[in-house]
Peer 1: 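Questions regarding the structure given below will be posed in turn.
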Amino acid sequence: MALLDGLNKVQQEAAAYTEGPSMIIAGAGSGKTRVLTYKIAHLIEKGVDPFNIMSLTFTNKAAKEMKARIEEIIGTQARSVWMGTFHSVFSKILRIEADKIGYPSNFTIYDSDDSKSIIRKIIKEEQLDDKTYKPNLVLGRISSAKNNLISPRDYNNNASLLSTDKESGKGKIGDIYTIYQERLKRASAMDFDDLLFNTNVLLRDNADVLIKYQRRFKYFLVDEYQDTNHSQYLIVKRLAAQSENITVVGDDAQSIYAFRGANIQNILNMNKDYTNLKTFKLEQNYRSTQNIVNIANSIISNNKKQIEKTIWTSNDIGEKISLNSTLSDTEEGSLVARNIFSIKNTQHANNTDFAILYRTNSQSRSMEDALRKMNIAYRIYGGLSFYSRKEIKDLLSYYRLVINHNDEEAMMRVINYPKRGIGSTSLDKLRIEANRLQMSLWDLMTNIMQSNILAKGTANKIYDFVNMIRTFALDLKKKNAYDLANDIAKKTGIYSTLYAAREDQDGIMRFENVEELLSSIKEFTEEENDEADAVEMRTLELFMEDIALHTDADKNNEENQDVVTLMTIHASKGLEFPYVFVVGMEENLFPSMMSLTSRADIEEERRLFYVALTRGEKQVFLSYAGSRYKWGNLQYSEPSRFLSELDSKYVEDNTMDQLLSYDQSPIVRSMQATKNKDFKSFVSKTKPKSKLQSRKQVDIQTNNKKLKRVEKSTVRSGVSHDQANSIKEGMEVFHDRFGRGKVETIEGPKGDRKAIVVFANSGTKTLILKFAKLRILKQ
DNA sequence: GTATTATCTAAGTCT
DNA sequence: TAGATAATAC
């Protein structure tokens with residue numbers, strides 16, 4: 001048992017329980033990865049062949065890290081364990097067994113952009129209104145059908161689905177689904193959901209294949225089980241039916257992927273599926289301070305449905321949760337950056353000790369700007385990823401087309417890029433003909449010279465293109481990934497086109513991106529093969545398989561750079577940081593506007609907030625902004641309802657001081673004077689839980705309301721826009737309270753411009769010009 | 001068939 | 001605001 005010595009009692013029991021089904025309910029920070037790691041190591045030490053173990057994780061990075069840790073414990077045999085995400089592990093199996101489900105093994109994996117583009121085309125072809133049939137919405141319907149293993153035929157036979165669609169005026173979704181699936185098939189492509197759907201089909205319809213993998217895999221471990229969907233659930237259930245050696249690990253409180261079909265019932269129903277299920281609860285949190293654990297508990301207790309458990313910690317009490325407010329998103333950014341800067345100095349912390357977490361990717365912008373101004377290095381995970389840039393997609397599309405000629409999305413992207421004189425008129429003709437003959441564009445094009453759809457000249461150009469792609473394909477098995485990739489970049493003319501277009505900053509960047517892609521392929525080519533892959537040359541096909549399911553979260557911080565982490569809360573799941581900033585704590589943003597209509601959605605948002613809080617080890621900072629830019633428009637916002645759920649015992653509320661520091665107008669000051677009056681009238685309308693809590697809460701809310709009132713009235717009676725707009729950088733100005741100062745910079749759109757003013761005696765202040773009655777002293 | 005200009009719409013989270 | 005698409009001119 002020496003191996004498991006480093007674990008606490010429950011952890012040990014969970015790790016040592018190897019035979020039969022078990023479920024580990026693991027609270028945030030309770031060491032579940034540790035338990036999983038040691039359980040696998042323990043299995044192998046016990047004599048189980050690593051070849052017989054399948055471990056499914058949420059990200060490929062998690063799998064990689066776990067593998068490395070097991071290797072540290074028991075050596076290189078760990079490499080033979082099959083580890084990865086559902087999507088990556090089963091796409092591997094699908095390639096091996098492709099012929100059983102009527103696919104070629106070189107099928108392409110379509111990402112959501114590809115899927116969306118097909119849906120758009122279908123909507124257009126079917127002459128449906130794209131305002132009624134929004135691609136995202138249609139795709140969401142199709143995706144959830146697939147995750148529940150409903151085929152197009154099932155869909156069109158399902159009265160309840162059809163009537164739901166009809167009632168919402170979208171009766172054609174079933175038809176779109178049918179056509180969509182035909183197009184994917186014709187392109188030899190699968191979308192993300194197909195990888196799971198088709199695995200189910202494979203295992204359901206081919207008893208021999210099912211038995212083969214049941215014999216191969218004797219032990220199954222599934223991490224983040226609360227985030228599996230029905231399709232994933234069934235795959236595991238089928239494969240584990242023979243051995244029943246299945247371990248699932250999860251935390252219902254951290255279920256945040258219902259929107260993509262995750263079904264919390266999977267975890268709640270485990271004991272129905274496996275009557276001899278053994279359940280372990282990891283309740284001790286090793287990650288966070290008492291304050292953080294307590295506040296997280298207080299938040300999650302607002303949710304109705306939960307598995308009973310008590311998360312506790314023996315760590316220090318720690319700092320209180322810091323609650324902050326600013327007038328705008330820009331200022332929120334600089335507040336965060338300033339805080340990071342000062343903690344770095346006072347606590348001798350590194351950049352890597354900090355994470356800034358937000359609800360939506362678009363919020364990264366203001367944080368980025370602020371960090372850059374303060375010269376703090378950062379790295380954004382997610383968002384517009386490298387692989388979704390145009391120039392990268394173009395080149396990758398060539399690779400895709402060379403590997404799978406039927407890949408129509410790739411084909412349409414590159415057939416006339418660089419320009420070959422094959423325009424949209426010809427392509428439309430080809431597409432219509434291909435649809436009529438139910439054949440792929442490629443098949444039609446290979447016969448182009450025999451048909452008379454196109455003029456001779458155009459046909460010739462297409463013939464040349466087809467030949468070029470064929471020539472590249474001859475090298476797929478002969479050349480390594482880099483050599484072929486490089487060949488394609490050069491011979492197609494992409495490389496030279498981008499080289500020639502380095503006129504501006506954007507052009508230079510595009511060229512550099514392509515170079516970066518090529519060098520990453522080079523790196524890939526030189527890496528060692530994973531044990532689970534056959535020992536063979538690192539080909540372009542392997543590279544493309546690798547990146548199809550590779551997400552930003554999988555990217556390692558290879559150079560071990562000292563950077564602040566910026567990511568969505570979703571992406572932060574499973575991670576931890578000493579200092580965590582959760583920004584944009586505003587109604588309609590977090591919780592998201594889309595979630596407000598249903599209780600279940602709000603509860604998911606709340607779990608998301610729980611996840612955010614529990615990422616913190618030492619201290620958590622929450623902030624909200626009174627206004628924020630959305631699509632280039634300024635929008636005003638209210639503090640998030642979640643803030644009113646915080647138990648004030650654990651909160652240090654800075655919002656009052658912060659709001660008052662912006663009092664540039666007499667009206668705000670008069671507001672201060674009448675504070676108590678307003679406060680009382682507000683309190684009488686609320687039924688506080690506890691005095692302390694309500695007090696803080698009321699402060700936040702009344703402040704915000706007053707602020708809005710003030711803004712409205714000042715806009716009307718205060719400085720006119722003309723006058724506010726006449727203030728320019730470099731001017732000397734006078735402020736009633738701050739005195740004399742010089743305008744450093746001016747930013748923001750007309751009507752909402754802000755000035756950073758350096759005052760002689762009051763320091764540097766950011767002022768909203770339409771409120772701040774600045775007098776111009778010197779032009 | 002291609003270049004230029006006007007107009008639209010998007011960002012909710014992810015494999 | 002910015003990128004994508006449609007409309008228009010060449």
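Since the model is a prediction, treat every value here as computed from it, not as a measurement.
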Peer 1: Can you tell me how far the CG atom of Leu234(A) sits from the OG1 atom of Thr199(A), to the nearest 0.5 Å?
Peer 2: 11.5 Å
Peer 1: Strictly below 4.0 Å: does Lys121(A) bring a side-chain N or O up to OP1 or OP2 of dT5(C)?
Peer 2: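 Indeed not, no polar side-chain atom of Lys121(A) lies that close.
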Peer 1: Atom OH of Tyr358(A) to atom P of dC14(B): distance rounded to whole Å?
Peer 2: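 Taking atom P of dC14(B) as the reference, OH of Tyr358(A) is at 9 Å.
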Peer 1: Quick one: on DNA chain B, does Met594(A) or Ser112(A) contact a more 5' nucleotide (nearest heavy atom)?
Peer 2: Met594(A)
Peer 1: Given dA6(C), dT15(B), dC14(B), which nucleotide is nearest the side-chain atoms of Thr568(A)?
Peer 2: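 Of the candidates, dC14(B) comes closest.
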Peer 1: How many whole angstroms separate atom NZ of Lys131(A) from atom P of dC8(B)?
Peer 2: 9 Å
Peer 1: Taking only the side-chain heavy atoms of Ala571(A) (C-beta and beyond), determine which of dC14(B), dA6(C), dT15(B) contains the nearest atom.
Peer 2: dC14(B)
Peer 1: When the ring planes of Phe259(A) and Tyr257(A) are compared, do they come out parallel, tilted or perpendicular, using 30° and 60° as the limits?
Peer 2: tilted
Peer 1: Please tell me which of the listed nucleotides, dG12(B), dA11(B), dT9(B), lies nearest to the side chain of Ser362(A)?
Peer 2: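 When the side chain of Ser362(A) is considered, dA11(B) is the closest of dG12(B), dA11(B), dT9(B).
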Peer 1: What's the CD1-P distance between Ile109(A) and dC14(B), to the nearest Å?
Peer 2: 19 Å
Peer 1: Would you kindly check if the NZ (Lys) or CZ (Arg) of Arg389(A) is within the cone defined by 45 degrees around the ring axis of Tyr387(A) and under 6.0 Å from the six-membered ring centre?
Peer 2: no
Peer 1: Both Arg120(A) and Phe259(A) contact DNA chain B. Which one's nearest nucleotide lies toward the 5' end?
Peer 2: Arg120(A)
Peer 1: So what does Tyr257(A) touch, heavy atoms closer than 4.0 Å: a base, only the sugar-phosphate, or nothing?
Peer 2: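 Sugar-phosphate, backbone atoms only, no base.
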Peer 1: What's the CE-C1' distance between Met567(A) and dG12(B), to the nearest Å?
Peer 2: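 One finds 17 Å between C1' of dG12(B) and CE of Met567(A), rounded.
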Peer 1: Expressed in angstrom and rounded to an integer, what is the separation of Asn136(A) atom CG from dT13(B) atom P?
Peer 2: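 Taking CG of Asn136(A) and P of dT13(B), I get 11 Å after rounding.
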Peer 1: Looking at dG12(B), does its base get a donor-acceptor pair with the side chain of Glu605(A) below 3.5 Å?
Peer 2: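 Looking at the base of dG12(B), it does pair with a donor or acceptor on the side chain of Glu605(A) (distance under 3.5 Å).
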Peer 1: Consider only side-chain N and O atoms of Tyr417(A) and Thr497(A), and report whether a donor and an acceptor are under 3.5 Å apart.
Peer 2: no
Peer 1: In whole angstrom, give the distance that lies between atom CD1 of Ile256(A) and atom C1' of dT15(B).
Peer 2: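 Spelled out: CD1 on Ile256(A) to C1' on dT15(B) is 13 Å.
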Peer 1: When every nucleotide of nucleotides 1-7 of chain B is labelled 5' to 3' by its protein contacts under 4.0 Å (heavy atoms), B for base, S for sugar-phosphate only, - for none, what sequence of letters results?
Peer 2: SSS----
Peer 1: Quick one: does NZ or CZ of Arg615(A) land under 6.0 Å from the six-membered ring centre of Phe577(A), within 45 degrees of the ring axis?
Peer 2: no
Peer 1: Answer yes or no: does a side-chain N or O of Asn147(A) lie under 4.0 Å from OP1 or OP2 of dT15(B)?
Peer 2: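 No, Asn147(A) has no side-chain N/O under 4.0 Å of OP1/OP2 on dT15(B).
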Peer 1: Just compare dT15(B), dT13(B), dG12(B) and give me whichever is closest to any side-chain atom of Arg260(A).
Peer 2: dT15(B)
Peer 1: Can you tell me if Asn633(A) touches the phosphate of dT1(C), counting only side-chain N or O atoms and a distance under 4.0 Å to OP1 or OP2?
Peer 2: no
Peer 1: Calculate the interatomic distance between Tyr629(A) atom OH and dA11(B) atom C1'; express it in whole Å.
Peer 2: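 Roughly 18 Å, once rounded to whole Å.
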Peer 1: Rounded to whole angstroms, how far apart are CG on Asp394(A) and C1' on dA4(C)?
Peer 2: 14 Å
Peer 1: Please round to the nearest 0.5 Å and tell me the distance separating atom CG of Asp394(A) and atom CZ of Arg510(A).
Peer 2: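 The CG atom of Asp394(A) sits 10.0 Å away from the CZ atom of Arg510(A).
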Peer 1: Using the side-chain heavy atoms of Arg365(A), tell me which of these nucleotides is nearest: dA2(C), dG12(B), dT15(B).
Peer 2: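 Closest of the options to the side chain of Arg365(A): dA2(C).
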Peer 1: With a 3.5 Å cut-off and no angle check, do the side chains of Glu391(A) and Asn513(A) form a donor-acceptor pair?
Peer 2: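 Checked: Glu391(A)/Asn513(A) side chains pair up, N/O donor to acceptor below 3.5 Å.
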Peer 1: Consider salt bridge (charged side-chain N to carboxylate O under 4.0 Å, His left out). Of Glu332(A), Glu638(A), Glu331(A), which one does Arg628(A) pass it with?
Peer 2: Glu332(A)
